Number of protein chains: 2
Amino acid sequence: MARVRAVDRRLFLLIEIAARRLSREADSRLRAEANVTASQSAVLFLLLRRGERRLGSIGEVLALGAPAVTGLVNRMETAGLVIKRKDSSDKRGALVDLTEAGRRAAERADQVLRGFNAELDDKLGETDAAIVYEALTRLATDADPVT
Amino acid sequence: MARVRAVDRRLFLLIEIAARRLSREADSRLRAEANVTASQSAVLFLLLRRGERRLGSIGEVLALGAPAVTGLVNRMETAGLVIKRKDSSDKRGALVDLTEAGRRAAERADQVLRGFNAELDDKLGETDAAIVYEALTRLATDADPVT
DNA sequence: CGCGATTCATTCGGGTGTGAAAGAGATCGG
DNA sequence: CCGATCTCTTTCACACCCGAATGAATCGCG
């Protein structure tokens with residue numbers, strides 16, 4: 001069973017397909033149990049664990065471009081999950097922080113995702129999961145061709 | 001080195017981040033060298049290797065919902081890459097096939113992606129790459145919780 | 001001090017994805 | 001044969017992402 005199905009021999013396409021499936025499942029659980037989207041939950045976690053941050057910093061960690069962060073945070077602000085205020089020490093930037101509702105949502109989302117992640121780890125097995133973590137981290141932190 | 005950075009401990013978030021980075025890079029190369037997007041190239045490959053197919057079949061292989069396929073194929077038809085015609089044996093469905101331009105684009109895209117994929121394989125190393133392929137295939141073909 | 005370069009965020013236009021609902025054609029059971 | 005039902009695709013409203021261009025504030029260097 002060396003051969004994999006046609007399309008799957010392109011790692012990047014395979015990752016996209018896997019990401020799509022996982023995202024769909026995670027998103028539906030997160031919406032149902034925490035009333036947030038998968039993208040939003042990533043921001044919530046970041047703020048929950050590392051506190052108030054600038055927009056650019058969020059984009060850096062999550063590998064998102066500036067326009068994506070602007071839109072995401074704006075929708076979250078409308079939803080009452082975060083507040084945005086001008087950085088008084090550098091008025092170009094804006095700082096984002098959790099609201100109380102945001103904190104509660106973050107904690108619910110964390111529960112949901114913890115469970116989901118555990119299922120995935122089970123599915124892969126301990127050793128494979130560790131290798132995949134490491135491999136994806138490497139790809140995620142260093143995807144540029146001419147390093 | 002057991003501990004990974006905060007956000008990364010959620011496999012699904014990590015996959016999203018990696019997918020985003022890889023997609024961005026692949027997309028930019030594909031646009032430059034073959035004048036197609038990454039999503040479009042997945043459809044092109046499928047048609048190139050397996051021939052004319054129905055919309056639903058494309059969605060099944062690529063893990064895309066029906067509305068996504070409709071939009072994707074429509075934009076590709078506008079771009080002259082594919083043609084869509086009614087399935088005469090079942091007039092509910094539509095068949096999609098490559099145009100000549102589509103075939104040429106598919107072959108260029110194949111070259112680009114072959115190179116990109118080789119780089120990724122290099123970056124991961126042979127054994128890790130094989131494990132990642134296998135693991136993602138498992139996740140991509142079986143992401144449902146209650147199996 | 002002051003002006004050009006840099007940095008942070010937003011806006012703009014467009015591709016990509018989703019779930020829900022609608023329309024059209026096939027199918028099957030009475 | 002024909003209506004209930006199922007299947008395939010589309011439409012709709014929306015979330016999400018990107019690159020390019022813009023606006024606003026800071027920085028840096030003469």
Side-chain angles (χ1 to χ4, degrees), chain A residues 12-13 16-32 35-43 53-60 62-79 81-82 84-96 143, chain B residues 13 16-32 35-44 53-60 62-79 81-82 84-96 143:
Chain A
F12 125 84
L13 288 177
E16 286 219 321
I17 291 175
R20 207 140 52 210
R21 281 197 188 281
L22 265 42
S23 231
R24 193 149 44 201
E25 174 66 22
D27 208 79
S28 120
R29 292 195 200 184
L30 286 166
R31 281 175 191 276
N35 202 36
V36 296
T37 68
S39 295
Q40 290 172 0
S41 74
V43 176
R53 289 184 99 64
R54 317 187 64 166
L55 292 187
S57 159
I58 294 173
E60 217 170 305
L62 301 182
L64 289 173
V69 180
T70 294
L72 187 51
V73 167
N74 282 349
R75 284 186 297 272
M76 292 176 75
E77 190 172 30
T78 301
L81 298 170
V82 299
K84 192 163 58 170
R85 62 183 178 79
K86 270 204 153 43
D87 186 340
S88 48
S89 75
D90 182 346
K91 286 173 200 155
R92 285 172 304 185
L95 288 166
V96 187
Chain B
L13 288 178
E16 286 217 321
I17 291 174
R20 207 140 50 210
R21 280 196 188 281
L22 265 41
S23 231
R24 193 148 45 199
E25 174 65 23
D27 208 79
S28 117
R29 293 194 199 183
L30 286 166
R31 281 174 191 276
N35 201 35
V36 296
T37 69
S39 295
Q40 290 171 0
S41 73
V43 175
L44 291 177
R53 289 184 98 66
R54 316 186 65 168
L55 291 185
S57 158
I58 293 173
E60 218 170 306
L62 301 182
L64 289 174
V69 179
T70 294
L72 188 51
V73 166
N74 282 349
R75 285 186 299 272
M76 291 176 76
E77 190 173 31
T78 301
L81 297 169
V82 299
K84 192 163 58 168
R85 61 182 180 79
K86 270 205 152 44
D87 186 341
S88 50
S89 74
D90 181 348
K91 285 174 204 156
R92 286 172 303 184
L95 289 166
V96 187

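Within every chain, numbering begins at 1; the chains are lettered A, B, ... in the order of the sequence lines, protein sequences first and strands thereafter. Values in this document were obtained by computation on a predicted structure and should not be read as measured data.
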According to a strict under-4.0 Å criterion, is [X] in side-chain N/O contact with OP1 or OP2 of [N]?
X        : N       : value
Gln40(A) : dA15(D) : no
Ser39(A) : dA15(D) : no
Thr37(B) : dT16(C) : yes

So what does [X] hit on the nucleic acid, given a heavy-atom distance under 4.0 Å: a base, only sugar-phosphate, or nothing?
X        : result
Ala94(B) : sugar-phosphate
Thr70(A) : base
Gly93(B) : sugar-phosphate
Ala68(B) : base

Of all the choices, [options], which nucleotide is nearest to the side chain of [X] once you look at every atom?
X        : options                   : answer
Arg92(A) : dT7(C), dC18(D), dA15(D)  : dT7(C)
Lys91(A) : dT26(D), dT16(C), dC16(D) : dT26(D)
Ala66(A) : dA9(C), dC18(D), dT10(D)  : dA9(C)

Reading DNA chain C from 5' onward, which residue's closest nucleotide shows up sooner: Asp90(A) or Asp27(B)?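 Its nucleotide being nearer the 5' end, the pick is Asp90(A).
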Both Arg54(A) and Arg20(A) contact DNA chain C. Which one's nearest nucleotide lies toward the 5' end?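 Here Arg54(A) is the residue nearer the 5' end.
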Please tell me if the side chains of Val96(B) and Glu77(B) come closer than 4.5 Å, counting only heavy atoms from C-beta onward.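 Side chain of Val96(B) against side chain of Glu77(B), heavy atoms only: no contact under 4.5 Å found.
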